[in-house]
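What follows is one structure encoded as structure tokens, with my remarks underneath.
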Number of protein chains: 2
Amino acid sequence: MTTPRPCSIADTLSVVGEKYSLLVLREVFFGVRRFNDMARNIGAPRDVLTARLHHLVEAGVLEKIPYNERPPRFEYGLTTAGRELQPVLLTLLQWGDRHLADRPPVVFEHSCGTDLDSIVVCRHCGAEATPASLTPRFQAQGWNAAGAAELRAAEEIRTFYRGE
Amino acid sequence: MTTPRPCSIADTLSVVGEKYSLLVLREVFFGVRRFNDMARNIGAPRDVLTARLHHLVEAGVLEKIPYNERPPRFEYGLTTAGRELQPVLLTLLQWGDRHLADRPPVVFEHSCGTDLDSIVVCRHCGAEATPASLTPRFQAQGWNAAGAAELRAAEEIRTFYRGE
DNA sequence: ACAGTGAGTTCAGATTTCAAACTCTATGGA
DNA sequence: TCCATAGAGTTTGAAATCTGAACTCACTGT
């Protein structure tokens, strides 16, 4: 079989997985909405930024908002779908803060008054979504947990899945 | 200024932001730990996969675990740091499920018995970390919310930040 | 002895990225 | 009017990366 695994992670990455795409979204979340400011803050080549903005607009993550008629000038704002990418940025930020930064360059103060330390939880029960608490169920034909190692016992798969 | 913004998101992406890197981690979370299985499930060229695995091992996200001496053969397992990337994958998955898939190819059953619908919350107070509930504080010199638009009033910046 | 497997490596060609320069429209000042 | 500046790109040619196919090397199983 040479078709890759059907997967929403891969699908999402086809929208925001190119180099600089998520940094563009970071800037928009920070309130930076114009081409030159983005280019400077991200450090991306201008033609690449042009391509990424087009792609993100086409994918419905950003929208162009005119702020000047002549010459035509646009800002880039988040759509609802774009706003829902915030958790992705927060989890990336959190991992970098923990594992790569001695002192985080940006801290988010949550409305409860503390500096944000975020976790991913189950909306239904509120408990943290840890690897061990999750069992994948494959809905696509022919794709089970372990790919080629289809013969492994389910329990073993679960152990592997937990990353142990 | 031509230096990009100092940022943990960008730092994290320098570890897992290359094409296929996050899909490699997805496979390991699914229990797929060997080269050929990964190559097939991801659909990546073999030399690219080799490079990504090296990079992820070097970054301390994966570790090589020998399972055969001659010829030398290794599996790739998650380190603690690697396991902590799970929230990134979950948030990407969730966005794809919501916005790109009609029927998610994989569903995670949480230990509470429901199919996982995840949210990112503040560990301290438990409330969801929405854009509107967060105020960024910049700890690096010279970097404020709006980049070049340093003159914007703080309130305006906050509004922009919310993506409105 | 011979086919098959696992994990790469090598290679030529296609695609992207990069940084700098250039374009086009418009505004502000001397 | 003339000149400088700004914003948002587009163009360019060289450098880096990605792609798919073929090849290597060390075994294993029959």
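The figures that follow rest on heavy atoms only: side chains count, while hydrogens, waters and symmetry mates do not. Every chain is numbered from 1, with letters handed out A, B, ... down the list of sequences.
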Point to revise | Under-4.0 Å side-chain N/O to phosphate OP1/OP2 contact, B:Y20 with D:dT17 | key: no
Check your understanding: CG of A:L49 versus C1' of C:dT16: gap in Å, rounded?
Key -> 15 Å
Exercise for review: Provide, to the nearest angstrom, the distance between the CZ atom belonging to A:R33 and the C1' atom belonging to D:dG7.
Suggested key: 17 Å
**Study point:** Within the 6.0 Å centroid threshold, strictly below: B:F138 and A:F30
**Key:** yes
Review point. Between A:M38 (CE) and D:dA6 (P), how many Å, whole number?
Key: 20 Å
**Study point:** Residue closer to the 5' end of DNA chain C, A:P71 versus A:R46 (nearest nucleotide)
**Key:** A:R46
Practice item. Ignoring hydrogens and angles, answer whether the base of C:dC18 and the side-chain atoms of A:D47 contain a donor-acceptor pair closer than 3.5 Å. Key: yes
Check your understanding: If only atom types and distance count, is the side chain of B:R52 paired as donor or acceptor with the main-chain N or O of B:K19 below 3.5 Å?
Key -> yes
Review point. When you measure from the side chain of A:D47 to the backbone N and O of A:T50, does any donor-acceptor pair fall under 3.5 Å?
Key: no
Study note, to complete from the structure: Between NE2 of A:H55 and C1' of C:dT17 the distance, given in whole Å, is 17 Å
Exercise for review: Could you check how far CZ of B:R73 sits from C1' of C:dG4, rounded to whole Å?
Suggested key: 13 Å
Check your understanding: Are A:R52 and C:dT17 close enough that a side-chain N or O sits under 4.0 Å from OP1 or OP2?
Key -> yes
Check your understanding: Do the side-chain N or O atoms of B:K19 get closer than 4.0 angstrom to the phosphate oxygens (OP1, OP2) of C:dT16?
Key -> no
Check your understanding: Considering only side-chain heavy atoms of A:P45, which listed nucleotide, D:dC18, D:dA8, C:dA19, is closest?
Key -> C:dA19
Point to revise | Nearest-Å distance for atom pair CD/P, residues A:E18 and C:dT17 | key: 7 Å
Check your understanding: Where the side chain of A:V48 is concerned, which of C:dC18, C:dG6, D:dT19 is the nearest nucleotide?
Key -> C:dC18
Check your understanding: Charged N to carboxylate O below 4.0 Å: is that the case for A:R5 and B:D37?
Key -> no
Check your understanding: Phosphate oxygens OP1/OP2 of D:dG9: is one of them under 4.0 Å from a side-chain N or O of A:Y76?
Key -> yes
Revision key, fill the gap. Between CG of A:N68 and C1' of D:dA6 the distance, given in whole Å, is 11 Å
Exercise for review: Would you check if the side chain of B:S8 reaches a backbone N or O of B:D11 as a donor-acceptor pair within less than 3.5 Å?
Suggested key: no
**Study point:** Whole-Å gap separating C1' (C:dA7) and NE2 (B:H54)
**Key:** 10 Å
